[in-house]
Amino acid sequence: MKIRQIETYPLYYPLSEPYGDANGYKYYRSCFMFRIITDSGIDGWGECVDWLPALETGFQNRIIPYLLGKPVNQRLELTEKVGKWQARIGAGVSMALTEIMAKAAGLSITDLWGGARRKRIPVYASFQSYTPRTDWMQVSLKRVEHAAGQGFRQVKVKIGGKTFAEDREHIALLQDRLNGQLQIAVDANQSYDAKTALKWNRVFKDTDNWLWFEEPMPLQSPEDYGWLRQQCLIPVAGGENLPSPEVFSTWMKTRALDLIQPDAMHMKGIDPFRGILAMARYQGVRISPHAYDGILSRLYAILAQACLPPWSKMDGDGIEPLEWDVMENPFTSLFHLPVKNGEVTIPSGIGLGTEIDWQRLESLRWDGTAYV
Ligand code: MG
C-alpha cells in the first residue's frame, strides 16, 4: 500500500475577541490539516500547527514530493525522516499513517494499540483567563461558571500574566464563587522564579481542591523544579513543549515533576508520544497530556490515554484527566467527540472511529491572505 495523493487544508479563524495567558493575547486560531490517500483508496488525517504560508510551501515543495509513492507500512522511518525536517509535520504524518494502517486492518486505533481499557476519559475545561477588558476577572468567572454548568468538574485557569496580587484575587473570587465544587489547576506558563512561585503556597494552603501548579518557572532546570516540587504544597506539572522521549526521560529520572504533560503534536510522531506515556507509567509519574492546538492531536491523546493502565488504585478508574480547550475554538467541532459531565466518550469505530465534518472544514479554509 503506497501513498498516492496528499491534500492540504490550511485553516484560519479570527477570534471574535482576543484571549490569552501570561505569554500574551491570541487574535486568531490556525491549524493545518492534511489527508493522505493510498493507492488502495484508504485515507488518513494528519494535523500540525505553524505559520500557514510556511507549512503550505513546505508541503507543496518538499513533503508531498517526498512522500508520494512511499509505502505506508514504513511509518516509523517516514515519520523520522519528515520529523527531522520539521518535527510537527512528522507528528502529523505519523497520525495519518497510523489511521491508514488501522483502517487497512479493519481495527480501531485503540485496538491496534492493544485495546482501550475504558469507555470514557475525564477532561478538564481549559481556559485562557485573560482578556484585554478591564473586567477580565468577571469575564473569567462567568466562563468558569458556565463550564461548571455544563458538567465539568475540573478546570485550569491562567496565572502569571498579572501581578501576584491581581492573580491571587482572581483565584480567590473563583474559589468563593464555586464554593470548592471544582478541582482547579493553575498554569503560570513559566512566569516566575522559584521564590515567587512559592508565594502561591499561601493560597494553596487554604483548600484542598487543587489539581496541580503548571509550569511555575522556565523549564530549563530539572534540578530547580525538583527543589520546587519538594517545597510546593500541591503537585507540580509541566512539559507541554518538551520535544522528545530523551528529554522527558531526564525530567522523570530527576523526579522534577509530579505530572508530565507531553503534547502529541510536539513530538516527532505519535509513536514517541506513546513511548513517553509508557515510560511515565514505568517510572510512576502521572500523565495529563497537553492538547491545545488542534482537535486531531487532542483525539490521538485521548486514544493513547484510553489504552493506559491506571496510575493508581485511588480515584476509581485512576486515569488522569486530559485538557479540553473550552475557549472560542472552531477546530473542536471538526470531529464529533461528545463531552458530557466532564468526560469524553472514546470513539470505538474503525480507524479514528469518527469522521471529519467536511462542511466545517471547508468553512474554515484559509483564504491565502497575509496575517502575522
Ligand atoms: Mg500550560
Side-chain angles (χ1 to χ4, degrees), residues 18-26 29 31 49 88 91 122-131 136 140 143-144 147 152 154-162 164 167 170-171 174 182-194 196-197 200 203-204 210-222 224-225 228-229 232 234-244 247-248 251-252 256-267 273 276-277 280 285-295 297-298 300-302 305 320-329 331-332:
Y19 52 67
D21 56 20
N23 294 324
Y25 296 119
K26 294 160 184 75
R29 299 292 295 256
C31 183
V49 166
R88 292 187 179 192
V123 285
Y124 66 84
S126 184
F127 294 91
Q128 298 278 311
S129 303
Y130 301 132
T131 50
W136 68 269
S140 164
R143 284 185 175 144
V144 176
F152 283 99
Q154 302 176 316
V155 299
K156 180 167 90 185
V157 291
K158 298 293 187 179
I159 59 173
K162 307 279 181 187
F164 174 72
D167 280 336
H170 173 223
I171 300 300
L174 201 63
L182 291 179
Q183 289 185 292
I184 301 176
V186 285
D187 184 0
N189 290 90
Q190 311 191 25
S191 292
Y192 303 125
D193 59 16
T196 314
W200 280 94
V203 179
F204 298 151
W210 304 105
L211 284 170
W212 61 74
F213 191 2
E214 184 168 322
E215 302 204 326
M217 304 184 292
L219 245 75
Q220 288 158 345
S221 159
D224 285 354
Y225 258 86
L228 182 83
R229 185 183 166 222
C232 187
I234 70 169
V236 177
E240 64 193 56
N241 287 310
L242 296 181
S244 65
V247 178
F248 271 98
W251 283 78
M252 283 192 249
L257 296 166
D258 292 279
L259 247 121
I260 58 160
Q261 300 175 299
D263 189 311
M265 198 195 282
H266 298 175
M267 303 297 132
F273 170 77
I276 291 166
L277 268 49
V285 178
R286 277 189 280 162
I287 311 143
S288 175
H290 176 263
Y292 182 73
D293 292 309
I295 188 63
S297 44
R298 200 187 311 176
Y300 270 94
I302 290 166
Q305 198 83 342
E320 304 91 325
L322 203 126
E323 179 163 30
W324 194 267
D325 179 10
V326 289
M327 300 302 291
E328 183 184 15
N329 180 345
F331 309 127
T332 294

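Counting starts at 1 for both ligands and their atoms, following the listed order.
Residues K162 and D167 are not paired through a salt bridge, judged by the lack of any N-O separation under 4.0 Å between the basic side chain and the carboxylate. In this structure, R286 does not pair ionically with D258, as no charged nitrogen and carboxylate oxygen lie closer than 4.0 Å.
Aromatic pair F204/F213: ring centres closer than 6.0 Å.
If you look at D187 and ask which of its N, O or S atoms sits nearest the Mg ion (ligand 1), the answer is OD2. Minimum-distance N/O/S atom of E240 relative to the Mg ion (ligand 1): OE1. Considering just the N/O/S atoms of E214, the one nearest the Mg ion (ligand 1) carries the name OE2.
A distance-only check finds no donor-acceptor pair linking the side chain of Q261 to the backbone of P289 [under 3.5 Å].
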